[in-house]
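These notes concern the structure reproduced below.
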Amino acid sequence: MEGQKKRLAVLVGCNYPSTSNELHGCINDVLAMKETLVKRFGFDDNDIEVLTDAPNSCKLPTGANIKQALAKMVDGAEAGDVLYFHYSGHGTRIPSKKHGHHFRHEEAIVPCDFNLITDLDFRQLVNRLAKGASLTIISDSCHSGGLIDKEKEQVGPSSSVQKGLILKTTNTLTHKTIPYDSILHHLSSQTKATTTDIGTHMLELFGSDASLRFQTASHAPMEALGPDEGILLSGCQADETSADMNPGAGGGKAYGAFSNAVEMVLREKEGGLSNREVVVRARKVLQGQGFEQHPCLYCSDENADATFLWQPQKTEQ
């Protein structure tokens with residue numbers, strides 16, 4: 001990709017404090033990535049929007065706020081612009097209504113208000129990208145494989161997944177998932193409706209801010225427009241969970257296992273790494289640490305071997 005211009009990012013960390021779904025490392029994940037974007041990848045601090053549910057946060061990572069930030073970034077992009085979205089928080093799976101869908105579920109992330117953002121919403125964002133701009137997504141959440149609907153799988157479900165690995169840490173592990181039934185129970189407690197149709201609850205609570213996935217009556221099927229500039233690095237396969245690690249009283253910072261693995265991979269090599277290399281190396285890091293999650297890569301053939309975030313080349317002094 002030539003003629004690079006702006007470098008823009010939206011970083012979202014959801015810890016769900018003081019709830020039964022509380023995580024601990026998600027805000028740390030995006031703050032660490034913000035520093036990496038500035039120091040290594042040439043992003044300007046003013047071009048990075050951070051949304052967290054930290055105490056006294058001025059703008060919470062609700063579904064509407066996240067989509068508004070992403071829309072602003074995508075719709076303002078021009079040829080050569082490098083866009084980046086990093087999400088660390090819970091994911092979930094919605095029963096699929098599509099015949100023959102491999103996992104029989106649709107993937108979604110869970111903003112702090114439970115206004116789910118689904119694979120169809122991310123497909124729409126990629127379809128809206130200006131020609132020549134790119135959108136790289138890291139989703140450190142459960143069931144994140146396939147989070148851009150119909151994006152081509154490059155590094156996918158492992159045919160030789162190792163089970164029974166021994167976790168090499170004393171930190172407390174929490175899976176970054178909220179089961180579908182728990183999502184439905186939470187929503188129905190607010191709408192007071194007895195239906196088991198999640199779309200009915202979503203539209204009742206969030207109206208036009210609800211995911212396109214729940215507004216299918218007014219939207220034609222969303223198709224991939226051939227090879228595109230959407231690039232997804234997922235924390236795990238669609239049928240797996242991602243880990244949130246909390247050292248607790250032992251000291252140290254909490255972190256998401258995949259976000260931490262990516263940071264480790266980037267520290268190990270200063271030069272540019274391809275998107276494929278980042279995912280394959282992160283898989284090896286996680287396996288070495290005893291995690292049973294397998295990061296995946298979804299993008300075009302060309303972008304699989306393109307440099308992660310189109311890292312600028314260092315100029316000689």
Side-chain angles (χ1 to χ4, degrees), residues 13 23-37 39-41 84 86-91 107 136-147 153-177 231-299 304-309 311:
L23 299 173
H24 296 89
C26 301
I27 295 174
N28 291 338
D29 290 341
V30 297
L31 294 180
M33 181 52 72
K34 179 181 180 181
E35 185 176 349
T36 299
L37 293 177
K39 291 184 176 179
R40 176 164 180 159
F41 293 101
Y84 179 64
H86 191 119
Y87 172 77
S88 184
H90 280 302
E107 298 77 32
T136 300
I137 298 172
I138 281 186
S139 189
D140 188 353
S141 56
C142 289
H143 316 302
S144 48
L147 195 57
E153 177 187 294
Q154 298 290 346
V155 180
S158 173
S159 59
S160 57
V161 172
Q162 283 189 269
K163 297 294 183 181
L165 296 176
I166 299 174
L167 194 62
K168 298 174 182 178
T169 176
T170 58
N171 294 350
T172 301
L173 185 156
T174 303
H175 295 296
K176 301 171 83 167
T177 184
I231 304 166
L232 169 66
L233 293 78
S234 68
C236 62
Q237 297 171 182
D239 59 344
E240 290 183 331
T241 57
S242 293
D244 178 78
M245 304 304 296
N246 180 24
K253 285 188 175 182
Y255 59 88
F258 179 54
S259 293
N260 183 63
V262 170
E263 292 282 356
M264 289 178 65
V265 167
L266 294 175
R267 285 196 296 269
E268 287 171 359
K269 184 178 178 183
E270 289 189 8
L273 289 164
S274 71
N275 292 303
R276 188 191 306 277
E277 286 177 307
V278 172
V279 170
V280 170
R281 290 181 182 217
R283 274 191 170 210
K284 291 179 180 178
V285 168
L286 290 169
Q287 181 179 329
Q289 294 172 335
F291 290 101
E292 292 184 354
Q293 64 185 81
H294 299 81
C296 299
L297 174 65
Y298 299 82
C299 62
D305 295 311
T307 306
F308 177 65
L309 288 182
Q311 182 174 340

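Across Leu147 and Ser139, no two heavy atoms sit closer than the pair CD2-OG, 3.5 Å. Residues Ala304 and Cys299 share a closest heavy-atom pair of N-SG, 3.4 Å. Scanning all heavy atoms of the two residues, the minimum distance from Pro157 to Cys296 falls at N-SG, 4.3 Å. Minimum interatomic distance between Val155 and Val280 (heavy atoms only, all atoms of both residues): CG2-CG2, 4.4 Å. Closest of all the heavy-atom pairs between Gly146 and Leu232 is N-CD2, 3.8 Å.
Using modelled atom types, one finds no donor on one side chain facing an acceptor on the other under 3.5 Å when comparing Glu107 with Ser144. For the residue pair Glu240 / His294, a side-chain donor-acceptor distance below 3.5 Å is found, with atom types taken as modelled. Counting only N and O atoms by type, the side chains of Ser259 and His86 include a donor and acceptor under 3.5 Å apart.
With values rounded to the nearest 0.5 angstrom, Leu173 atom CG is found 10.0 Å from Glu292 atom CD. A distance of 12.5 Å separates NZ in Lys39 from NZ in Lys34, rounded to the nearest 0.5 Å. In this structure, CG on Leu286 lies 9.0 Å from CE on Met264, to the nearest 0.5 angstrom. The NE2 atom of His175 sits 4.5 Å away from atom OG1 of Thr241, with the distance rounded to the nearest 0.5 Å. With rounding to the nearest 0.5 angstrom, the CZ atom of Arg281 is 13.5 Å from the CZ atom of Arg276. Interatomic distance, Leu273 CG to Leu309 CG, rounded to the nearest 0.5 Å: 11.0 Å.
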Intermediate values then yes/no, side-chain contact (heavy atoms from CB on, under 4.5 Å), Glu35 and Leu31
CA-CA 7 Å; Glu35 185 176 349; Leu31 294 180; over 6 Å; no
Please test Asp140 against Tyr87 for side-chain contact (heavy atoms from CB on, under 4.5 Å), starting from the C-alpha separation and ending with a verdict.
CA-CA 6 Å; Asp140 188 353; Tyr87 172 77; over 6 Å; no
Before giving the answer on side-chain hydrogen bond (donor to acceptor under 3.5 Å, both in side chains), spell out for His143 and Thr177 the whole-Å C-alpha distance, their side-chain angles and the decisive distance to 0.1 Å.
CA-CA 8 Å; His143 316 302; Thr177 184; 3.2 Å; yes
Quick one: do Asn171 and Tyr255 satisfy side-chain contact (heavy atoms from CB on, under 4.5 Å)? Show the steps, please.
CA-CA 10 Å; Asn171 294 350; Tyr255 59 88; 3.7 Å; yes
Please lay out, stage by stage, how Ser141 and Ser242 fare under the test side-chain contact (heavy atoms from CB on, under 4.5 Å).
CA-CA 5 Å; Ser141 56; Ser242 293; 5.7 Å; no
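Side chains of Tyr84 and Ile138 form a contact here, defined as non-hydrogen atoms less than 4.5 Å apart. Looking at heavy atoms from C-beta onward, Val278 lies in side-chain contact with Leu233 at the 4.5 angstrom threshold. Looking at Phe41 and Phe308, their side chains come closer than 4.5 Å, going by heavy atoms from C-beta outward.
You'll find the ring centres of Phe258 and Phe291 outside the 6.0 Å limit.
Under the 3.5 Å distance criterion, the side-chain polar atoms of Gln311 are matched with a main-chain donor or acceptor of Glu270. Looking at Asp29, its side chain never comes within 3.5 Å of a backbone N or O of Ser88 through a donor-acceptor pair. Distance alone, capped at 3.5 Å, is enough to place a donor-acceptor pair between the Gln293 side chain and the Ala243 backbone. Judged by distance alone, the side chain of Gln287 and the main-chain N or O of Lys284 form no donor-acceptor pair under 3.5 Å. A donor-acceptor pair under 3.5 Å is absent between the side-chain atoms of Lys176 and the main chain of Gly91, judged by distance alone. Looking at Ser274, its side chain never comes within 3.5 Å of a backbone N or O of Asp305 through a donor-acceptor pair. Judged by distance alone, the side chain of Asp244 and the main-chain N or O of Gly25 form a donor-acceptor pair under 3.5 Å. Side-chain atoms of Arg283 come within 3.5 Å of backbone atoms of Pro295 as a donor-acceptor pair (strictly under, hydrogens ignored).
Annotation for Lys269: atom NZ counts as buried by contact number, over 12 foreign heavy atoms lying within 6.0 Å. Under a cut-off of 6.0 angstrom, the local environment of CD in Glu153 is crowded, with over 12 non-hydrogen atoms contributed by other residues, nucleotides or ligands.
In this structure, the ring-ring contact (aromatic ring centres under 6.0 Å, His included) partners of His90, at least two apart in sequence or on a different chain, are Tyr16.
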